[in-house]
Trainee: 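Got a structure for you, written out below as structure tokens; questions coming shortly.
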Amino acid sequence: MSNPNEAPQPQQPGAQPPQPGNVPPAGYQTPQGYQAPPSYQAPPSYQQPAPGYQQPGQPAYGMPAGPNTAPPAGLGYAAPARNTFGLDFNNIAQRFRDTTGVPQQLTISYWLWVAAAALGIVASFINIFTLRGLFGEMMVGPGIVGLIFSLVFAALYIFIAIRLKEGSRWARLVLTILGAFAVISLLVQVATLNLNFIGSAVAVAAAVLMWLPESRKHFV
């Protein structure tokens with residue numbers, strides 16, 4: 001029998017060290033040439049991005065992507081961005097006549113807005129002679145003032161219509177409001193047999209066409 005008081009013998013060279021978790025006996029010596037494995041290091045903990053962090057070309061962290069502001073693809077010229085006012089006279093003639101890349105329904109709407117603006121000028125010109133025949137020369141001056149206002153508003157109408165066919169959302173909103181006023185004017189003018197109802201009817205038709213499915217794709 002072994003004596004319990006007998007001291008343990010030294011570990012022989014080449015022997016395996018005790019497995020992790022086992023307590024070595026008293027007097028245990030590490031074998032010669034044995035190298036302890038490197039200590040385990042936990043990977044660095046993941047940290048959430050700081051508030052306001054934004055990767056290049058990506059929307060802000062936690063925020064949805066904004067609306068597209070680039071002009072519609074396929075236009076025949078370089079149009080301003082959708083969200084800008086876009087007042088540029090360098091190529092205004094081409095912007096007026098060129099409808100390349102514009103959906104057919106929206107093209108018809110555009111030319112109807114232009115026609116409504118032209119009809120407003122014609123109506124103001126006729127009113128000069130109408131007022132003169134009814135009230136004499138004293139009403140020619142107010143008639144001319146009305147014609148000047150019609151020219152200014154017609155130019156504004158046409159410019160907003162240009163921005164409409166260039167995909168500007170604010171232009172469609174403004175023309176929608178003008179179309180709503182045209183509906184009210186149309187009802188009054190038909191009831192009073194006013195010839196200006198023609199221009200109002202054209203404006204209403206233009207407002208409807210720019211909200212049809214084919215036209216709405218131009219503003220996405």
Side-chain angles (χ1 to χ4, degrees), residues 72 79-80 82-89 92-220:
R82 297 175 189 263
N83 59 340
T84 60
F85 190 69
L87 184 59
D88 184 5
F89 295 102
I92 192 66
Q94 184 179 11
R95 293 173 67 186
F96 172 75
R97 66 176 183 271
D98 194 343
T99 57
T100 304
V102 182
Q104 183 179 5
Q105 294 176 348
L106 191 61
T107 299
I108 297 174
S109 174
Y110 166 70
W111 288 116
L112 285 178
W113 283 116
V114 173
L119 287 172
I121 296 175
V122 173
S124 296
F125 188 76
I126 293 175
N127 282 338
I128 296 177
F129 298 96
T130 302
L131 293 174
R132 180 183 178 183
L134 293 175
F135 304 102
E137 298 291 336
M138 60 179 298
M139 294 304 297
V140 173
I144 294 177
V145 173
L147 177 61
I148 294 174
F149 274 103
S150 295
L151 291 172
V152 173
F153 281 110
L156 184 61
Y157 255 59
I158 294 174
F159 172 73
I160 298 176
I162 291 174
R163 295 298 288 134
L164 173 76
K165 73 181 179 69
E166 292 174 347
S168 178
R169 301 178 185 89
W170 68 262
R172 184 171 62 161
L173 177 61
V174 171
L175 292 177
T176 300
I177 297 173
L178 294 177
F181 283 118
V183 172
I184 300 174
S185 299
L186 178 61
L187 297 176
V188 174
Q189 290 162 355
V190 169
T192 58
L193 300 179
N194 189 330
L195 291 179
N196 288 333
F197 81 91
I198 300 176
S200 298
V202 171
V204 171
V208 172
L209 285 171
M210 68 183 184
W211 282 99
L212 294 181
E214 182 182 349
S215 298
R216 290 166 63 181
K217 296 178 182 178
H218 198 62
F219 301 92
V220 177

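The residues of the chain are indexed from 1 along the displayed sequence. None of the values given here were measured: they were computed from a predicted structure.
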Trainee: Taking all non-hydrogen atoms of both residues into account, name the closest pair between Leu209 and Gln105 and its distance.
Mentor: CB-O, 3.9 Å

Trainee: Determine, step by step, whether Thr84 and Arg163 satisfy the side chain to side chain contact (heavy atoms under 4.5 Å, CB included) criterion, reporting the C-alpha distance in whole Å, the side-chain angles of both residues, the deciding distance to 0.1 Å, and the verdict.
Mentor: CA-CA 9 Å; Thr84 60; Arg163 295 298 288 134; 3.7 Å; yes

Trainee: At what distance, to the nearest 0.5 angstrom, does CD1 of Ile162 lie from CZ of Phe96?
Mentor: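 Answer for the CD1-CZ pair, Ile162 versus Phe96, is 7.0 Å.
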
Trainee: Counting distance only, does the side-chain N/O of His218 pair as donor-acceptor with the main-chain N or O of Lys165 below 3.5 Å?
Mentor: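 Answer holds: yes.
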
Trainee: Pairing donors with acceptors under 3.5 angstrom, does anything connect the side chains of Ser124 and Ser150?
Mentor: yes

Trainee: Could you check if a side-chain atom of Phe149 sits within less than 4.5 angstrom of a side-chain atom of Val152, using non-hydrogen atoms only?
Mentor: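 Phe149 does not reach Val152 side chain to side chain.
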
Trainee: Give, for atom CH2 of Trp211 and atom CG of Leu175, the distance between the pair rounded to the nearest 0.5 Å.
Mentor: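 The CG atom of Leu175 is 11.0 Å from CH2 of Trp211, to the nearest 0.5 Å.
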
Trainee: For Phe85 and Phe159, I'd like to know if the aromatic rings sit close, meaning centre-to-centre distance below 6.0 Å.
Mentor: yes

Trainee: To the nearest 0.5 Å, tell me how far Leu87 CG sits from Ile92 CD1.
Mentor: 7.0 Å

Trainee: Considering non-hydrogen atoms only, spot the tightest contact between Ala171 and Leu164 and give its length.
Mentor: CB-N, 3.7 Å

Trainee: Atom CD1 in Ile148, atom CD1 in Ile144: separation rounded to 0.5 Å?
Mentor: 7.5 Å

Trainee: With a 4.5 Å cut-off on side-chain heavy atoms, are Arg216 and Arg172 touching?
Mentor: yes

Trainee: Calculate, to the nearest 0.5 Å, the distance between atoms CG and OG belonging to Leu187 and Ser200 respectively.
Mentor: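 If I round to the nearest 0.5 Å, the distance is 9.5 Å.
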
Trainee: Which distance, rounded to the nearest 0.5 Å, do you find between the CG of Leu106 and the CH2 of Trp111?
Mentor: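 Here the rounded value is 12.5 Å.
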
Trainee: Would you mind reporting whether Trp113 and Ile160 have side-chain heavy atoms less than 4.5 Å apart?
Mentor: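 They are not in contact (no side-chain heavy atoms under 4.5 Å apart), so the answer is no.
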
Trainee: Any idea which heavy atoms bring Ala206 and Ser109 closest together, and the distance?
Mentor: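 Reported closest heavy-atom pair: O-OG, 2.7 Å.
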
Trainee: If you draw a 6.0 Å radius around CZ in Phe219, do more than 12 non-hydrogen atoms from other residues or ligands fall strictly inside?
Mentor: yes

Trainee: Can you name the nearest heavy-atom pair linking Asp88 to Arg95, along with the distance?
Mentor: O-NH1, 3.1 Å

Trainee: Considering non-hydrogen atoms only, spot the tightest contact between Ala116 and Gly199 and give its length.
Mentor: CB-O, 4.0 Å

Trainee: Would the number of heavy atoms belonging to other residues, nucleotides or ligands and lying under 6.0 Å from CD of Gln104 be above 12?
Mentor: no

Trainee: Would a 4.5 Å heavy-atom cut-off, applied to side chains only, mark Val188 and Phe197 as touching?
Mentor: no

Trainee: For Ser168 and Arg82, work out which heavy atoms get closest and say how close.
Mentor: OG-O, 3.1 Å

Trainee: Report yes if some heavy atom in the side chain of Leu186 is under 4.5 Å from a heavy atom in the side chain of Val183; otherwise report no.
Mentor: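 No, side chains not in contact.
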
